[in-house]
Chemist: 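One structure, pasted below without further comment.
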Amino acid sequence: MKDELLLRFSRHIMLPEVDVAGQEKLLASRVLIAGLGGLGCPAALYLAAAGVGELHLADRDDVEISNLQRQILFGDADVGASKVNAGARRLGALGSPTRVVAHPVSLDDKALPELLSQVDLVVDGTDNFATRFAVNRACVAARRPLVSGAAIRFEAQLSVFDSRDEASPCYACLYPEADDEALNCAENGVAAPLVGMIGSLMALEAMKVVTGAGDALIGTVLHVDGLRGEFRRFALKRRADCVVCGGSSNQR
C-alpha cells in the first residue's frame with residue numbers, strides 16, 4: 001500500500017480487527033448504494049471516506065427541496081439535479097481514492113441483475129417494500145450480502161442478510177412479500193438525525209462484512225426507538241416457507 005494511503009487510513013490500520021489487510025480489502029471492494037435518500041447519503045459518505053474501492057450509486061430521482069432536511073449529500077444548488085450525479089460530485093470532493101459510478105436507474109427486476117454483477121455487496125436504503133423485495137430477490141439470486149436499513153418517524157431497524165451463508169435469513173423472512181404495508185417518510189415523516197445514525201450503522205455493517213471484523217448483524221434485527229433512546233436486538237431465523245430463500249426448490 002502506498003504511503004499516502006497508509007497515512008489517510010492510518011486510524012483504520014491501527015485497529016487490530018482491520019489492520020493493513022482489512023484496509024486492502026476495503027480498497028478492493030465494490031459496493032452498491034441502493035437509494036440515495038436519508039439512509040443512503042450518510043452510508044455513501046462514510047463508505048467513500050473509509051476507502052471502498054468502487055461505490056455504485058443507484059437512484060432514478062432528482063433532488064427536491066424537501067430532501068435537504070436529511071439527505072446530507074445535497075445542498076440548495078443540487079435541487080433539480082439527478083441524485084446520483086449530484087452525489088457523485090459530492091463524494092468526489094472528499095479526495096478519497098474511491099471510484100464513484102452513477103446509475104440513474106430504477107431499482108427493479110430488470111436493472112438489478114446487471115447492477116449486482118458489478119458489485120460485491122449491497123447497501124439498501126430505499127423507502128418502499130416493492131423495491132426492497134426486488135433488491136432482496138436479486139441479492140439472493142446473485143449471492144450478494146445485503147445490508148438493509150429502514151427508518152420512519154422516530155423508529156428504525158437494521159439487519160444484514162448474507163445469501164452466501166446457508167443459515168442466513170433474507171429480507172423476505174422478516175417481511176413476507178405479501179406484506180403490502182405502505183409506510184414511507186413522505187407520508188409519515190422521519191427525524192433527520194435518526195436516518196443519519198442508521199445510515200452510519202449501515203456503513204459500519206458493510207465495513208464489517210468486507211473486512212471480516214467483528215460480528216455482522218446476520219440473523220439479528222436491531223430496532224431503534226429514537227424517542228426513548230432504546231436499542232433492542234431480535235433474533236431472526238431463516239423461514240422454511242420463505243418464497244425467496246426457503247424450501248427445497250430455492251436451495252442452491
Side-chain angles (χ1 to χ4, degrees), residues 11-12 14-18 31 33-50 52 64-75 87 90 94 121-129 131-132 135-136 145-162 168-176 179 181-237:
R11 299 307 188 269
H12 274 171
M14 291 169 65
L15 300 170
E17 298 87 352
V18 179
V31 176
I33 305 290
L36 275 188
L39 299 171
C41 285
L45 276 166
Y46 272 109
L47 288 174
V52 164
E64 299 178 1
I65 194 168
S66 61
N67 300 150
L68 304 183
Q69 164 251 12
R70 65 200 177 281
Q71 297 180 15
I72 58 174
L73 274 178
F74 313 123
R90 174 71 177 87
L94 294 176
L121 180 147
V122 177
V123 175
D124 182 9
T126 57
D127 65 355
N128 66 85
F129 276 110
T131 305
R132 291 178 196 155
V135 170
N136 178 64
L146 169 63
V147 178
S148 178
I152 194 74
R153 303 187 185 106
F154 285 92
E155 296 185 56
Q157 68 180 36
L158 171 66
S159 190
V160 177
F161 308 103
D162 193 344
S168 172
C170 75
Y171 184 79
C173 295
L174 177 62
Y175 291 109
D179 193 332
E181 181 183 6
L183 286 178
N184 58 62
C185 62
E187 298 174 356
N188 295 273
V190 67
L194 178 66
V195 292
M197 177 173 63
I198 299 302
S200 298
L201 286 173
M202 292 167 73
L204 177 62
E205 290 300 311
M207 178 178 169
K208 287 160 59 180
V209 171
V210 170
T211 63
D215 299 315
L217 290 173
I218 298 171
T220 300
V221 179
L222 179 67
H223 180 267
V224 179
D225 184 333
L227 283 178
R228 293 176 176 82
E230 292 180 351
F231 289 71
R232 292 178 291 169
R233 293 165 61 101
F234 302 94
L236 177 67
K237 294 185 178 180

Chemist: Is a side-chain N or O of R132 found less than 3.5 angstrom from the main chain of T126, in a donor-acceptor match?
Modeler: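 Pair found, side chain donor or acceptor close to backbone of T126.
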Chemist: Do the side chain of S159 and the main chain of T220 share a donor and acceptor less than 3.5 angstrom apart?
Modeler: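 Side chain of S159 to backbone of T220, a donor-acceptor pair under 3.5 Å: yes, one is there.
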Chemist: L158 versus V147: any side-chain heavy-atom pair under 4.5 Å?
Modeler: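 Contact flag for L158/V147 side chains = yes.
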Chemist: Going by side chain to side chain donor-acceptor pair (under 3.5 Å), name the residues that satisfy it together with T211, two or more places apart in sequence or in a different chain.
Modeler: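 With neighbours one apart ignored, the set is empty.
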Chemist: How far does CG of L236 sit from OG of S168, to the nearest 0.5 angstrom?
Modeler: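 Between L236 CG and S168 OG, I get 8.5 Å after rounding to 0.5 Å.
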Chemist: Quick one: do I218 and V209 satisfy side chain to side chain contact (heavy atoms under 4.5 Å, CB included)? Show the steps, please.
Modeler: CA-CA 10 Å; I218 298 171; V209 171; 5.6 Å; no
Chemist: To the nearest 0.5 angstrom, please state how far the OG atom of S200 sits from the CG atom of L39.
Modeler: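 Spacing of OG (S200) from CG (L39) equals 10.0 Å.
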Chemist: Determine the sole option in L146, L121, L217, V221 for which the side chain to side chain contact (heavy atoms under 4.5 Å, CB included) test with V160 is passed.
Modeler: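 With V160 as partner, L146, L121, L217, V221 yield a single side chain to side chain contact (heavy atoms under 4.5 Å, CB included), made by L217.
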Chemist: Side chains of N136 and D124: closer than 4.5 Å at any heavy-atom pair?
Modeler: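 When only atoms from C-beta onward are counted, D124 and N136 do not touch, as no gap falls below 4.5 Å.
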Chemist: Are any of the side-chain heavy atoms of E205 and M202 separated by less than 4.5 Å?
Modeler: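 Side-chain contact under 4.5 Å: no.
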Chemist: So which pairs with a foot in residues 213-227 pass salt bridge (Lys or Arg N to Asp or Glu O under 4.0 Å), sequence neighbours left out?
Modeler: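 Qualifying pairs, neighbours excluded: D225-R228.
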Chemist: Provide the closest heavy-atom pair for K237 versus C173 in the form atom of the first, atom of the second, distance.
Modeler: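 So the minimum-distance heavy-atom pair works out to O-CB, 4.1 Å.
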Chemist: Indicate the atoms forming the closest heavy-atom contact of F154 with L194, along with that distance.
Modeler: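 Looking at all heavy atoms of both residues, the shortest contact is C-CD2, 3.4 Å.
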Chemist: For A44 and L36, work out which heavy atoms get closest and say how close.
Modeler: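 Taking every non-hydrogen atom into account, CB-CD2, 4.4 Å.
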Chemist: Determine the interplanar angle of the F129 and Y171 rings, folded into 0 to 90°, and report it as parallel if under 30°, tilted if 30 to 60°, perpendicular if over 60°.
Modeler: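 Aromatic pair F129/Y171 classed tilted.
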Chemist: Do the side chain of Q69 and the main chain of V190 share a donor and acceptor less than 3.5 angstrom apart?
Modeler: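 Yes: the side chain of Q69 pairs with the backbone of V190.
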Chemist: What I'd like to find out is whether the side chain of R70 reaches to under 4.5 Å of the side chain of N67, using heavy atoms alone.
Modeler: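 SC-SC contact between R70 and N67 confirmed.
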Chemist: Going from NZ on K208 to CG on L201, what distance comes out if it is rounded to the nearest 0.5 angstrom?
Modeler: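 Rounded to the nearest 0.5 Å, the NZ-CG separation comes out at 9.0 Å.
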Chemist: Can you confirm whether P42 sits close enough to I72 that some side-chain heavy atom of one is under 4.5 Å from a side-chain heavy atom of the other?
Modeler: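 Touching, per the 4.5 Å side-chain cut-off.
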Chemist: Can you name the closest pair of heavy atoms from G87 and F74 and give their distance?
Modeler: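 In terms of heavy atoms, the two residues are closest at N-CE2, 3.8 Å.
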Chemist: If you look at every heavy atom in A206 and L47, which pair is closest and at what distance?
Modeler: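 Distance-wise, the nearest heavy atoms are CB-CD2, 4.1 Å.
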Chemist: Atom CG of residue position L227 - does it have more than 12 heavy atoms of other residues, nucleotides or ligands inside 6.0 Å?
Modeler: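 Enclosed.
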Chemist: Of the non-hydrogen atoms in A43 and A203, which two are nearest, and what is the gap between them?
Modeler: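 Taking every non-hydrogen atom into account, O-CB, 3.9 Å.
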